[in-house]
Asker: 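Shown below is the structure under consideration.
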Amino acid sequence: MVQINNAVSFFLLVVGTVAHPGADILHEIRERELALQAPNRRTVEDCRVELEASGYYKRELHRRLNRVNSLRAEKGSTPLAARDIDPYYAVEDVVGPRSEVDKRASCVLDPEVTEGPYWVAGELIRQDVTTGSKGIITHLDINVIDVSTCKPIPDIFVELWGCNSTGVYTGVVAKGNGVGTAAPEEIKNNALRGVQPTGANGTASFITIAPGHYVGRTNHLHTIIHHGATKLPNNTIQGGTISHVGQFYIEQAMMQTIEATAPYNTNKQAWTKLDKDMLFSAGKAGGDDPLLQIKMLGSSIEDGIYAYIDVGVNPKVAQKPSPVNIWGPNGGVPNKGSMWAGYPWTKKIRSTLGL
Ligand SMILES: *[C@@H]1O[C@H](CO)[C@@H](O)[C@H](O)[C@H]1NC(C)=O
Ligand SMILES: *[C@@H]1O[C@H](CO)[C@@H](O)[C@H](O)[C@H]1NC(C)=O
Ligand SMILES: *[C@@H]1O[C@H](CO)[C@@H](O)[C@H](O)[C@H]1NC(C)=O
């Protein structure tokens with residue numbers, strides 16, 4: 001854990017004197033450190049043999065292929081072949097365990113990162129969360145796998161949120177967040193936030209935009225996995241437990257292409273590249289692979305992308321993330337008593353961080 005402690009020291013030195021991003025990152029690194037030390041830590045990788053035997057990879061190959069090809073057809077693009085999704089299954093007469101090279105076709109994500117200061121609870125169940133946001137349209141499939149049984153988990157809820165293409169989270173008014181406290185009406189914006197069921201085969205599908213970036217972090221999307229929640233008549237969820245709080249990333253080369261397009265390229269905030277992101281690096285060192293697999297929908301990035309990932313969770317784990325706000329019938333309202341209230345650098349955050 002020397003590496004991560006160094007990361008904490010690094011941030012104290014480098015961004016400790018800058019008001020905004022420090023608390024968020026330090027908190028995340030501390031949580032990350034604890035998670036990587038957790039006993040009985042398992043990932044999707046540990047389920048590889050069982051998932052193979054149950055036909056999961058083959059089924060997902062075909063489902064993902066059909067999905068990307070129907071999206072590509074809408075853009076007038078030629079269909080991809082099976083080997084573009086999963087090189088192993090493209091060789092139809094080959095049987096046996098997947099090779100080291102092929103295992104990238106299924107990504108690995110393990111517990112736990114952190115919700116950070118911009119989680120708004122109570123968001124709507126909806127597939128398309130873009131709400132007019134400008135950016136690279138991203139069709140995202142999140143497959144949830146129970147790493148204690150190595151089976152996909154049907155009929156649970158996946159929550160997703162991310163910042164906009166110029167690095168601002170909707171729905172949160174905070175000094176550290178883009179327009180800051182100057183735009184109090186931002187609390188009534190729910191763009192780029194939503195919840196989706198995993199359906200019969202354990203896949204939750206969203207339409208969002210590729211996230212922009214803000215000071216101190218590389219581009220990322222946040223997720224929370226809910227179990228046993230009830231769907232309410234007003235299209236929100238209530239109750240249940242949270243097994244997983246995580247973040248997804250996009251490969252640097254792809255992100256470079258995206259960041260070169262408008263409006264990403266109007267973002268004046270310093271850009272942290274993927275391999276310089278402390279949370280991503282800490283996760284990588286601990287064996288995570290939270291990179292989205294991505295296929296283009298056309299010859300131009302502006303045609304949008306199809307992204308997918310397998311997320312391994314232990315449904316019995318109960319995480320207790322803290323929302324900064326709660327979405328309700330009249331928009332967002334502050335969550336009184338949230339550890340993120342008044343972010344950045346409240347006494348509460350300081351004491352949680354042990355500073
Ligand atoms: C991102 O959100 C902020 C705050 O609402 C807004 O000022 C900015 O224009 C948004 N960026 C884009 C590209 O829409
Ligand atoms: C689930 O997978 C089965 C077997 O491949 C398939 O027949 C079915 O259509 C899938 N259901 C959904 C909701 O995707
Ligand atoms: C949905 O209903 C629940 C339960 O009545 C309520 O607490 C919540 O604020 C409602 N959310 C919205 C967006 O209307």
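As the structure is a computational prediction, the values presented were derived from the model and not from experiment. Just follow the structure's listing: the first ligand is 1, and inside any ligand the first atom is 1.
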Asker: Identify, by atom number and element, the atoms of ligand 3 in contact range of Gly328, meaning under 4.0 Å from any of its heavy atoms.
Answerer: 9 (O), 12 (C), 13 (C)
Asker: Can you tell me if Tyr169 and Asn164 form a side-chain donor-acceptor pair at under 3.5 Å?
Answerer: no
Asker: I'd like to know if Arg64 pairs up with Asp141 as an ion pair, taking the criterion as any Lys NZ or Arg NE/NH1/NH2 lying under 4.0 Å from an Asp or Glu carboxylate oxygen.
Answerer: no
Asker: Are the charged groups of Lys188 and Glu185 less than 4.0 angstrom apart, N to O?
Answerer: no
Asker: Are any of the side-chain nitrogens in Lys295 or Asp84 under 4.0 Å away from the carboxylate oxygens of its partner?
Answerer: no
Asker: Any ion pair linking Asp303 and Arg72 (charged N to carboxylate O, less than 4.0 Å)?
Answerer: no
Asker: Do Thr236 and ligand 3 have an N or O pair less than 3.5 Å apart?
Answerer: no
Asker: Name the one of Ile305, Ile258, Leu140 that satisfies side chain to side chain contact (heavy atoms under 4.5 Å, CB included) with Ile294?
Answerer: Ile305
Asker: Please list, in number order, the atoms of ligand 3 under 4.0 Å from a heavy atom of Trp327.
Answerer: 13 (C)
Asker: Which protein N or O atoms sit under 3.5 Å from any N or O of ligand 1? Give atom names and distances.
Answerer:
{"unit_1": "ligand 1", "atom_1": "2 (O)", "unit_2": "Asn164", "atom_2": "ND2", "d": "2.2"}
{"unit_1": "ligand 1", "atom_1": "5 (O)", "unit_2": "Glu186", "atom_2": "OE2", "d": "2.8"}
{"unit_1": "ligand 1", "atom_1": "11 (N)", "unit_2": "Asn164", "atom_2": "ND2", "d": "3.0"}
{"unit_1": "ligand 1", "atom_1": "11 (N)", "unit_2": "Thr166", "atom_2": "OG1", "d": "2.8"}

Asker: State which residues pass side-chain contact (heavy atoms from CB on, under 4.5 Å) with Val172; sequence neighbours excluded, sorted by chain then number.
Answerer: Tyr118, Val120, Ala174, Asn177, Arg193, Val324, Asn325
Asker: Quick one: which of Phe280, Tyr214, Phe248 gives a ring-ring contact (aromatic ring centres under 6.0 Å, His included) with His220?
Answerer: Tyr214
Asker: In ligand 3, which numbered atoms sit nearer than 4.0 Å to a non-hydrogen atom of Leu232?
Answerer: 2 (O), 3 (C), 4 (C)
